[in-house]
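Step one of this worksheet: look at the structure below.
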Amino acid sequence: MTRATGDLDVAVRRLVGDPAQLVHVERLVRDDGPGRGAPVLLVRNPRGLSFEVLLDRAMDVGWADAPGLPLAWRSARGPVASQRYEPQGTGWTRTFGGGLLSTCGLASTGTPSTVDGVHHPLHGRVGHTPAEHVRWRTVTLDGVPAVEIRGEVVEADLGVPPLRLRRRLLARTDRPELCIEDVVTNEGFAPAAHMFRHHLNLGYPLVRPGTVVSATATPVGTRDGGQTPTLPWMLDLAADGAGDETVLYCRPAPGPTATVTVSAPDGTCVEVEQDTHGWPLLVLWRDPRPGTNVLGVEPSTSRDAGRAQAERDGEVRVLPPGGEVHYRTVVRVLA
């Protein structure tokens, strides 16, 4: 794991003793509870997004905040080290700590299923796979400093083409904005099935009764086949002991990007942008139960029915040997 100053603008470099005074990255190891032993990168970014990168979990993003705004939802379980992962069935939920980004894939997403004798667990395995070749540096973006973090994750099995995820996180220092750029490559010598999702988890105070969710996308159905909510969608909190999850599938409007805007009653506003070339679908997940209160904004390659159903529905990408696909998601706080 390395750190470098990168291509920071010379004019800015002349004004600081160390670029780390503008944005600081520190490697830490958790030392308590179920998260004990998990390595993290802590990014302190006073004018942008501050966040932690979960190195044992595919470089996912855990805790995150903007100036004055806790952004990421956190489950009652909290941080859990990847070695506690329960891969069978829905065991993924027992080590789901929330956080701003949970990565799903690389060979399956959605509900558990079995294909040709191979079990594909809930949301796949990549989100519990440690990253490697992790490095970070300070760079210049649009004339201002930014922090860039790169790493790789390999999902492999004997006799199966390996899939490599190359991840780049880019956080601006002049405003709260985080860009997640992923490239998934088939490094084998046979075609490889691929499914992928960025599971972004937003919470209070952004998500509360009266928060409005809008998107440049059209709702096309729900996971349970019930009534499809319309957009804009006003959120509410369920009564104690009541409430069900809603999973809404949306097709992005024509164009290179689609956006979801989440606006709280106090004027706080967060936007999630997805490139539509990589992400053909937007999934919105809402759990309104007291003590949970989470909104998931999930750029995705498929719906939630799992690998077996996705194959029947034509929602599995097949990458040829050496083939790759690019994904990009941006989270920005607007107000």
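Within the 4.5 Å cutoff, no side-chain heavy atoms of Arg13 are placed close to those of Thr138. Looking at Gln88 and Pro121, their side chains never come closer than 4.5 Å, going by heavy atoms from C-beta outward. Within the 4.5 Å cutoff, the side chain of Leu42 has no heavy atoms near those of the Val25 side chain. At a threshold of 4.5 Å between non-hydrogen side-chain atoms, the residues Val53 and Ile149 count as touching. Side-chain contact between Thr268 and Ser263 is absent, with no heavy-atom pair separated by less than 4.5 Å. In this structure, Asp287 and Asn293 have side chains that are not in contact, with every pair of non-hydrogen atoms separated by 4.5 Å or more. Side-chain contact between Asp60 and Arg167: present, with at least one pair of heavy atoms (C-beta onward) separated by less than 4.5 Å. The shortest side-chain heavy-atom distance between Val247 and Arg286 does not fall under the 4.5 Å cut-off.
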Show your reasoning for whether side-chain hydrogen bond (donor to acceptor under 3.5 Å, both in side chains) applies to His120 and Thr114. CA-CA 6 Å; His120 295 279; Thr114 299; over 6 Å; no

Could you please spell out the steps behind the side-chain hydrogen bond (donor to acceptor under 3.5 Å, both in side chains) verdict for Trp279 and Thr329? CA-CA 9 Å; Trp279 302 118; Thr329 304; 3.2 Å; yes

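The 12-atom threshold is not exceeded at CZ of Arg47, counting heavy atoms of other residues, nucleotides or ligands nearer than 6.0 Å. Heavy atoms from other residues, nucleotides or ligands lying under 6.0 Å from CG of Asp174 number more than 12. Within a 6.0 Å radius of NE2 in His119, more than 12 heavy atoms belonging to other residues, nucleotides or ligands are found.
Here the two rings, on His199 and His123, have centers that are under 6.0 Å apart.
Under the 4.0 Å criterion applied to side-chain N and carboxylate O atoms, Arg197 and Glu315 are not assigned as salt-bridge partners. Look at Asp142 and Arg172 and you find a salt bridge, because one of the NZ, NE, NH1 or NH2 atoms lies within 4.0 Å of a carboxylate O, short of that distance. Taking the charged nitrogens against the carboxylate oxygens, Arg303 and Asp313 do have a contact shorter than 4.0 Å, which makes a salt bridge. A salt bridge links Arg164 to Glu152: at least one charged side-chain nitrogen sits closer than 4.0 Å to a carboxylate oxygen. Salt-bridge formation is detected for the pair Glu273/Arg332: a Lys NZ or Arg NE/NH1/NH2 atom is positioned less than 4.0 Å from an Asp or Glu carboxylate oxygen.
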Can you list, pair by pair, the side-chain donor-acceptor contacts under 3.5 Å of residues 225-241, counting residues two or more places apart and other chains?
none

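In this structure Glu148 satisfies the salt bridge (Lys or Arg N to Asp or Glu O under 4.0 Å) test together with Arg137, Arg150, Arg168, sequence neighbours excluded. Legend: residues meeting ring pair (Phe, Tyr, Trp, His ring centres under 6.0 Å) with His194, ordered by chain and number and at least two apart, are Phe196, Tyr327.
Judged purely by atom type and a 3.5 angstrom limit, Tyr249 uses its side chain to pair as donor or acceptor with the backbone of Asp304. A donor-acceptor contact shorter than 3.5 Å links the side chain of Thr211 to the backbone of Leu206. At distances below 3.5 Å, not a single donor-acceptor pair connects side-chain atoms of Arg328 with backbone N or O atoms of Glu181. A donor-acceptor pair under 3.5 Å is absent between the side-chain atoms of Asp275 and the main chain of Thr257, judged by distance alone.
Trp285 and Glu245 share a donor-acceptor pair across their side chains, judged by distance under 3.5 Å alone. With hydrogens and angles left out, the side-chain atoms of Thr103 and His198 include no donor and acceptor closer than 3.5 Å.
Note on Met59 and Leu165: separate hydrophobic clusters, where clusters join Ile, Leu, Val, Met, Phe, Trp and Tyr whose side-chain heavy atoms are under 4.5 Å apart, directly or indirectly. Hydrophobic clustering of Ile, Leu, Val, Met, Phe, Trp and Tyr side chains at less than 4.5 Å, counting indirect connections, keeps Val316 apart from Val325.
Evaluated for a side-chain contact (heavy atoms from CB on, under 4.5 Å) with Ser302, the options Glu311, Met195, Arg307, Arg317 yield exactly one hit, Met195.
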